[in-house]
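Once you've had a glance at the structure underneath, I'll fire off some questions.
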Number of protein chains: 2
Amino acid sequence: MTDRSPAARKPIRTAITDEDGIDFAIIELFFFAYRDFTSDPDQILADYGFGRAHHRVLHFVNRRPGLTVAELLDVLKITKQSLARVLKQLIDTDHIVQLQGPRDRRQRELYPTARGRALALALARPQSRRIRAALEDSGTNERASIERFLEAMVNPELRAQIDIVPAKISGKSHGDH
Amino acid sequence: MTDRSPAARKPIRTAITDEDGIDFAIIELFFFAYRDFTSDPDQILADYGFGRAHHRVLHFVNRRPGLTVAELLDVLKITKQSLARVLKQLIDTDHIVQLQGPRDRRQRELYPTARGRALALALARPQSRRIRAALEDSGTNERASIERFLEAMVNPELRAQIDIVPAKISGKSHGDH
DNA sequence: AAATTGCGTCAATAGTACTGACATATTCCC
DNA sequence: GGGAATATGTCAGTACTATTGACGCAATTT
């Protein structure tokens with residue numbers, strides 16, 4: 001089946017373009033943007049012996065204090081076993097604590113400690129700086145359109161995960177500005 | 001030094017907000033958007049026994065036909081040894097060919113084959129569809145502002161890597177001659 | 001009482017990355 | 001010409017993140 005003839009190995013010397021209406025420009029920009037976006041916290045995490053997995057857990061536990069292990073697995077889309085090691089390390093280092101669920105005592109509600117909150121903020125700070133700078137650089141007054149675009153990039157079924165977050169929903173939920 | 005007292009493990013029950021001016025909304029949206037953005041090609045790659053690493057190599061070899069191994073390593077920011085396995089598989093399956101450099105015969109110029117070109121397109125198609133849909137959904141007529149934002153998110157020193165690409169400006173570049 | 005659920009853990013495996021070391025061919029430079 | 005530097009390939013060892021499968025325990029549900 002596989003064509004091993006020399007012809008099949010002829011090199012194509014022209015660059016792929018936006019033929020077929022494929023948006024390579026944004027595809028590639030998205031790759032580079034995300035690569036650099038995650039590189040900031042990666043540097044900090046290395047000091048703790050943590051990886052990106054720890055960051056994600058820390059982030060969501062801070063964003064939705066009291067979420068259960070099952071809920072966390074659902075958001076991260078990883079397996080229980082993958083989470084286990086990472087979560088254990090974060091608990092052992094007092095970044096996260098588990099509390100028995102009030103209604104269902106089988107559940108473990110996850111909360112950040114002061115230390116976990118501090119680390120989450122430290123990790124988010126350079127990312128936020130980068131975003132702010134990008135919004136200014138690009139002259140994008142329209143922060144809202146960036147937000148809408150990113151949200152529209154998420155699978156519709158999964159958009160629920162986003163809206164769980166407090167801030168966003170009622171446009172201006174008290175608390176900050 | 002580590003405070004192991006009970007006080008240090010007190011749970012924080014309030015969600016982290018945009019306190020300190022941290023832009024959690026976009027941080028999180030970026031995470032979800034990229035997660036789903038990469039999930040499309042991941043599905044296709046699985047059929048070939050390939051992973052995300054193969055996708056990246058394939059993409060850049062198609063984008064910049066004739067780039068050398070060293071240049072590819074620089075763009076991907078991985079080590080030679082990491083690239084080796086992936087590249088070997090792509091060559092063995094006739095997705096990519098190596099040609100001896102014309103000026104410097106130590107160099108190996110990398111080119112896609114017809115098959116490699118086809119796979120790159122197949123992988124990009126769903127991503128491009130998602131982008132197109134997101135631009136329409138979000139009513140963002142201003143595709144340019146999304147592009148500017150993403151570009152501004154990239155480390156300035158590394159923006160050169162982006163601009164190497166032909167397409168963008170004179171829609172009809174010939175790659176080489 | 002029995003079945004189910006939420007969580008934790010053990011064992012085995014895989015994919016992707018890393019560092020270090022070394023071989024080969026080629027080119028550069030004195 | 002000959003040595004140094006360069007471009008690539010490869011071998012060995014390690015680490016991290018992820019996977020699946022299986023099992024145990026406690027609590028809840030039926």
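So you know, we letter chains A, B, ... as the sequences are listed, proteins then strands, and number each from 1. Only a predicted model underlies this, so the values are computations on that prediction, with no experimental measurement involved.
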Original post:
Hey, can you pull the residues of residues 41-52 of chain B with a non-hydrogen atom under 4.0 angstrom from DNA chain C?
Top reply: B:Gly51, B:Arg52

**OP:** Specify the separation, in whole Å, of atom CG of B:Leu83 and atom C1' of C:dC18.
**Re:** 14 Å

Original post:
How close or far is atom C1' of D:dT20 from atom CG of A:Leu73, stated in whole angstroms?
Top reply: 15 Å

**OP:** Ignoring hydrogens and angles, tell me if any N or O in the side chain of B:Arg108 forms a donor-acceptor pair with the backbone of B:Arg106 under 3.5 Å.
**Re:** yes

Contact list (N/O, under 3.5 angstrom) for nucleotides 22-29 of chain D vs protein:
{"residue": "D:dT28", "atom": "OP1", "partner": "A:Arg105", "partner atom": "N", "Å": "3.3"}

**OP:** Among the candidates D:dA18, C:dG8, D:dT10, find the nucleotide nearest to the side-chain atoms of A:Arg108.
**Re:** C:dG8

Original post:
Can a side chain N or O of B:Thr79 be found less than 4.0 Å away from OP1 or OP2 on C:dC18?
Top reply: yes

**OP:** Take the protein atom CD1 of A:Ile91 and the nucleotide atom P of C:dT9, then report the distance between them rounded to whole Å.
**Re:** 9 Å

Subject >> d(CZ, A:Arg85; P, C:dG8) in whole Å >> reply: 15 Å

**OP:** With DNA chain D as reference, determine whether A:Arg56 or B:Leu87 sits nearer its 5' end, using the nearest nucleotide of each.
**Re:** B:Leu87

Original post:
Is the phosphate of D:dT19, meaning OP1 or OP2, less than 4.0 Å from a side-chain N or O of A:Ser82?
Top reply: yes

Original post:
Taking the side chain from A:Arg105 and the backbone from A:Gln100, do they hold a donor-acceptor pair closer than 3.5 Å?
Top reply: no

Original post:
Quick one: which of B:Thr38, B:Ile146, B:Leu150, B:Ile131 gives a side chain to side chain contact (heavy atoms under 4.5 Å, CB included) with A:Phe30?
Top reply: B:Leu150

**OP:** To the nearest Å, give me how far apart CG (B:Leu67) and P (D:dT8) are.
**Re:** 10 Å

Original post:
CG of B:Leu90 versus P of D:dG9: gap in Å, rounded?
Top reply: 13 Å

Original post:
Okay, side chain of A:Arg132, backbone of B:Asp23: is any donor-acceptor separation there less than 3.5 Å?
Top reply: no

Original post:
Just by distance, do the side chain of B:Arg35 and the backbone of A:Lys77 share a donor-acceptor pair under 3.5 Å?
Top reply: no

Subject >> Integer-rounded Å distance: C:dT5 P and A:Asp74 CG >> reply: 16 Å

**OP:** Measure from the side-chain N and O atoms of B:Asn62 to the backbone N and O of A:Ile16, and report whether any donor-acceptor pair falls under 3.5 Å.
**Re:** no

Original post:
Does the ring center of A:Phe60 lie less than 6.0 Å from the ring center of B:Phe32?
Top reply: yes

Subject >> Of A:Gln127, A:Arg125, A:His54, the residue whose pairing with A:Pro41 passes side chain to side chain contact (heavy atoms under 4.5 Å, CB included) >> reply: A:Gln127

Original post:
Rounded to whole angstroms, how far apart are CD1 on A:Ile78 and P on D:dC16?
Top reply: 16 Å

**OP:** Remember a base hit wins even if backbone is also touched, and classify A:Gln98 as base, sugar-phosphate or nothing at under 4.0 Å, heavy atoms.
**Re:** sugar-phosphate

Subject >> Pair A:His95 and A:Phe50, ring centroids less than 6.0 Å apart >> reply: yes

